Amino acid sequence: MASKPGILTEWPWTWLGNFKYVVLAPFVGRSIQSLLNREDGSKIDIGYLIIFPFLLFRMLHNQIWISLSRYRTAKGDNRILDKTIEFDQVDRERNWDDQILLNGLLFYYGYMKLEQSHYLPIWRSDGIILTTLLHIGPVEFLYYWLHRALHHHFLYSRYHSHHHSSIVTEPITSVIHPFAEHIAYFLLFSIPLLTTVLTKTASIVSFGGYVTYIDFMNNMGHCNFEIIPKWMFSTVPPLKYLMYTPSYHSLHHTQFRTNYSLFMPIYDYIYGTLDKSSDTLYEKSLERQGKSPDVVHLTHLTTPESIYHLRLGFASFASEPYTSKWYFWLMWPITLWSMMVTWIYGHTFTVERNVFKNLNLQTWAIPKYRVQYFMQWQRESINNLIEEAIMEADQKGIKVLSLGLLNQDEKLNNNGEVYIRRHPQIKVKLVDGSSLAVAVVLNSIPKGTTQVVLGGHLSKVANSIALALCQGGVKVMALREEEYKKLKSNLTPEAAINLLPSKTYNSKIWLVGDGLNEDEQLKAPKGTLFIPFSQFPPRKTRKDCFYFHTPAMITPKHFENVDSCENWLPRRVMSAWRIAGILHTLEDWHEHECGNMMFDIEKVWKASLDHGFQPISVASASESKV
């Protein structure tokens with residue numbers, strides 16, 4: 001929102017929320033009806049029919065740029081600005097598709113009002129030449145002066161400041177403007193379109209090509225990494241006046257009073273508004289190499305739809321905790337395509353880059369889904385991918401690699417111990433985060449609790465929790481007989497006194513792991529607090545109970561570049577397993593934490609608090625009530 005919002009700031013369909021796309025329904029329906037009701041032998045108006053598919057293509061085009069940009073900035077190569085983006089920018093830019101809806105409505109309206117726009121040919125050379133000349137001349141010239149006018153304090157405070165709220169730009173930043181500003185831009189860009197229509201030189205290629213050119217240049221120019229190779233300007237020197245670069249436009253967002261041109265810097269040269277550091281920044285950005293991370297968190301995909309919630313997927317989805325949406329089934333072609341890509345690619349990829357104090361952090365993902373970790377025939381392939389990631393981290397000099405989700409599964413690799421045995425010489429430290437996970441669970445139990453129920457599949461974390469509670473005098477009631485026997489065999493005789501088989505279910509504190517079924521949840525009394533000790537949250541089946549988060553903590557404010565949620569966790573909340581890798585590096589611990597290795601629980605907990613991580617209060621569990 002601009003600092004002093006002017007008239008026509010809000011989009012007309014804002015009140016419709018996610019249902020805003022219905023504004024196109026009458027026009028799309030009418031175009032389909034025209035096809036179905038045409039007389040036999042009559043000519044099909046292709047231009048009319050492809051308006052809606054073209055809008056979908058534009059959305060896909062924009063999304064490709066978003067994913068590419070986020071992947072490249074996570075890698076760090078050719079980065080322009082070191083500043084980071086946060087959730088407020090993601091929220092401000094989530095309506096990037098509004099301008100596509102507006103264009104669609106105006107395209108349909110123009111078709112209905114201008115008979116010359118009917119039955120456009122596929123190609124006309126004169127129309128393409130005219131469109132090019134009109135863009136280089138009137139459009140670029142008028143945009144330059146419109147842009148300078150928008151930087152006058154009156155218009156800037158009421159409109160254009162909304163766009164400039166994003167210092168570090170992403171491709172979609174290019175179209176984040178108030179409604180009135182977009183109207184002005186459309187009138188400007190319609191000069192070539194209307195002229196070719198009225199002179200009967202328009203074609204489908206000239207229309208589609210021109211709009212695609214605008215989208216391409218807008219997206220490219222707002223990337224926070226340099227993409228234009230130097231040989232292009234050295235081969236064709238005049239090109240520097242006809243095509244801007246991401247670093248060129250980035251200076252406009254940091255300096256504000258220079259580099260006003262649309263896509264062609266020629267008018268900045270003519271009117272003396274060229275930033276003198278444009279060439280220097282361009283060359284520095286091209287030469288810049290990404291910094292090797294100090295810590296890597298190795299995770300994996302969870303469900304086929306989780307690809308949309310990755311930072312590389314849909315920014316608005318990634319900025320919210322993962323939940324399955326009913327409309328995901330409509331996107332099954334994209335989901336299937338993404339599954340095929342991950343299967344063919346078959347290599348760990350970079351998801352996210354963060355900064356914590358003086359540490360550079362990255363998140364890598366194994367292109368495997370949760371269900372694949374339970375398939376016997378997939379285990380060798382998964383282990384190979386994890387091992388490759390570990391060796392790559394070791395070669396890059398990365399200090400710590402933390403194993404997230406099922407990458408540390410006991411049955412898969414014995415909590416990572418398999419890799420240490422195979423490669424005892426590696427310098428990178430492997431961390432499964434179990435010690436901090438135990439500490440988080442223990443400190444999530446309300447003070448004064450004298451007994452708890454423990455259910456779900458046992459794990460390294462579950463065994464350690466049971467041991468700590470029993471040694472502390474808290475009664476631990478095992479939900480299943482087989483779990484009771486396993487736990488008892490691992491406890492000292494003194495601690496085993498406080499371990500009991502659960503015959504009654506009066507306790508309202510349940511510590512639960514994977515495998516807790518619906519029938520077992522139904523045994524809990526009303527108002528029970530379920531505290532997971534597993535990587536994945538239990539399925540919520542009780543409306544009269546509360547479900548706490550999986551082991552996690554709130555990140556401090558100096559944890560930067562946080563614009564996405566970690567799976568199902570709330571904003572700025574990080575899993576204990578991921579935090580553990582950061583603490584391992586900050587505290588300069590030299591041991592691996594994998595296999596049966598456990599650190600001192602109190603020591604790990606104190607370290608997390610000392611570095612600014614905060615526990616999630618039990619009171620917040622009410623937000624997770626079904």
Side-chain angles (χ1 to χ4, degrees), residues 24 27-28 30-62 64-65 99-144 174-175 182-221 232 236 238-239 241-244 261-264 266-267:
L24 287 174
F27 303 98
V28 176
R30 186 170 177 177
S31 66
I32 295 173
Q33 185 182 29
S34 70
L35 176 64
L36 298 176
N37 293 342
R38 70 187 183 90
E39 298 179 0
D40 292 339
S42 60
K43 190 177 180 181
I44 298 175
D45 193 344
I46 299 176
Y48 187 33
L49 291 175
I50 66 170
I51 291 178
F52 182 65
F54 181 62
L55 299 180
L56 296 179
F57 165 76
R58 292 185 65 194
M59 290 185 178
L60 176 62
H61 183 195
N62 280 270
I64 290 172
W65 273 106
Q99 51 94 23
I100 296 180
L101 292 181
L102 173 64
N103 288 179
L105 292 173
L106 293 174
F107 287 158
Y108 279 118
Y109 181 78
Y111 177 87
M112 290 187 295
K113 294 298 181 181
L114 298 173
E115 193 170 337
Q116 298 96 319
S117 64
H118 297 190
Y119 300 103
L120 294 179
I122 300 295
W123 174 278
R124 279 199 62 153
S125 300
D126 52 357
I128 293 173
I129 294 172
L130 182 58
T131 299
T132 303
L133 294 175
L134 288 172
H135 176 83
I136 295 173
V139 173
E140 287 281 347
F141 174 77
L142 292 174
Y143 177 89
Y144 174 84
S174 63
V175 293
H182 265 291
I183 293 294
Y185 293 145
F186 184 84
L187 291 174
L188 190 62
F189 294 136
S190 66
I191 292 174
L193 303 179
L194 281 175
T195 302
T196 54
V197 167
L198 296 176
T199 57
K200 297 183 179 181
T201 57
S203 65
I204 293 175
V205 170
S206 68
F207 253 74
Y210 183 56
V211 175
T212 301
Y213 164 76
I214 293 171
D215 286 344
F216 180 91
M217 295 299 289
N218 256 333
N219 283 310
M220 183 270 290
M232 289 183 63
V236 187
L239 196 61
Y241 303 107
L242 300 176
M243 186 175 74
Y244 74 166
S261 292
L262 177 56
F263 307 140
M264 300 180 176
I266 185 171
Y267 291 104

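The residues of the chain are indexed from 1 along the displayed sequence. Since the model is a prediction, treat every value here as computed from it, not as a measurement.
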Full working for side-chain contact (heavy atoms from CB on, under 4.5 Å) between L194 and L114 = CA-CA 9 Å; L194 281 175; L114 298 173; 3.7 Å; yes

Min side-chain heavy-atom separation Y185-Q99 under 4.5 Å | no

In this structure, CE of M243 is separated from CE of M232 (nearest 0.5 Å) by 3.5 Å

Spatial distance of atom CG (L35) from atom CG (L49) [nearest 0.5 Å] = 5.0 Å

Under 3.5 Å donor-acceptor, Y143 side chain and F189 backbone | no

Please report the closest heavy-atom contact between T131 and P192, naming both atoms and the distance.
-> CG2-CB, 3.9 Å

Less than 4.5 Å apart, any side-chain heavy atom of Y109 and any of F27?
-> no

Under 3.5 Å, is there a donor-acceptor pair between the side chain of S206 and the main chain of A202?
-> no

Going from CZ on R58 to CG on L101, what distance comes out if it is rounded to the nearest 0.5 angstrom?
-> 10.0 Å

CD1-OH distance between I266 and Y144, expressed to the nearest 0.5 angstrom | 12.0 Å

L187 backbone acceptor or donor facing S190 side chain under 3.5 Å | yes

CD1/I51 to CG/N103 distance, rounded to the nearest 0.5 angstrom?
-> 11.0 Å

Indicate yes or no for a side-chain donor-acceptor contact from H118 to the backbone of Y111 under 3.5 Å, with no hydrogens or angles considered.
-> yes

Would you say L242 and V236 make side-chain contact, with heavy atoms under 4.5 Å?
-> no

Within residues 108-136 or reaching into it, pairs that qualify as salt bridge (Lys or Arg N to Asp or Glu O under 4.0 Å) - sequence neighbours excluded | R124-D126

Are N219 and V175 close enough that some pair of their side-chain heavy atoms sits under 4.5 Å apart?
-> no

Write down the atom of S117, the atom of G110, and the distance for their closest heavy-atom approach.
-> OG-O, 3.8 Å

Candidate pair L262 and L188, rule side-chain contact (heavy atoms from CB on, under 4.5 Å), full reasoning | CA-CA 12 Å; L262 177 56; L188 190 62; 5.7 Å; no

If we only count heavy atoms from C-beta on, is the F57 to T212 side-chain gap below 4.5 Å?
-> yes

Any side-chain heavy-atom pair from V211 and F107 closer than 4.5 angstrom?
-> yes

Would you name the heavy atoms of V197 and Q116 that are closest together and state the gap between them?
-> O-CB, 3.4 Å

In Å and rounded to the nearest 0.5 Å, what is the CE to CG distance from M220 to D215?
-> 12.5 Å

What do the steps show when you test N218 against W65 for side-chain contact (heavy atoms from CB on, under 4.5 Å), and what is the final call?
-> CA-CA 10 Å; N218 256 333; W65 273 106; over 6 Å; no

Min side-chain heavy-atom separation S34-Y48 under 4.5 Å | yes

Given side-chain contact (heavy atoms from CB on, under 4.5 Å), test H135 with F263 step by step and report yes or no.
-> CA-CA 10 Å; H135 176 83; F263 307 140; 3.8 Å; yes

Pairwise side-chain contact, Y210 with I128, heavy-atom cut-off 4.5 Å (strictly under) | no

Nearest non-hydrogen partners of L24 and L55, listed with the distance = CD1-CD1, 3.9 Å

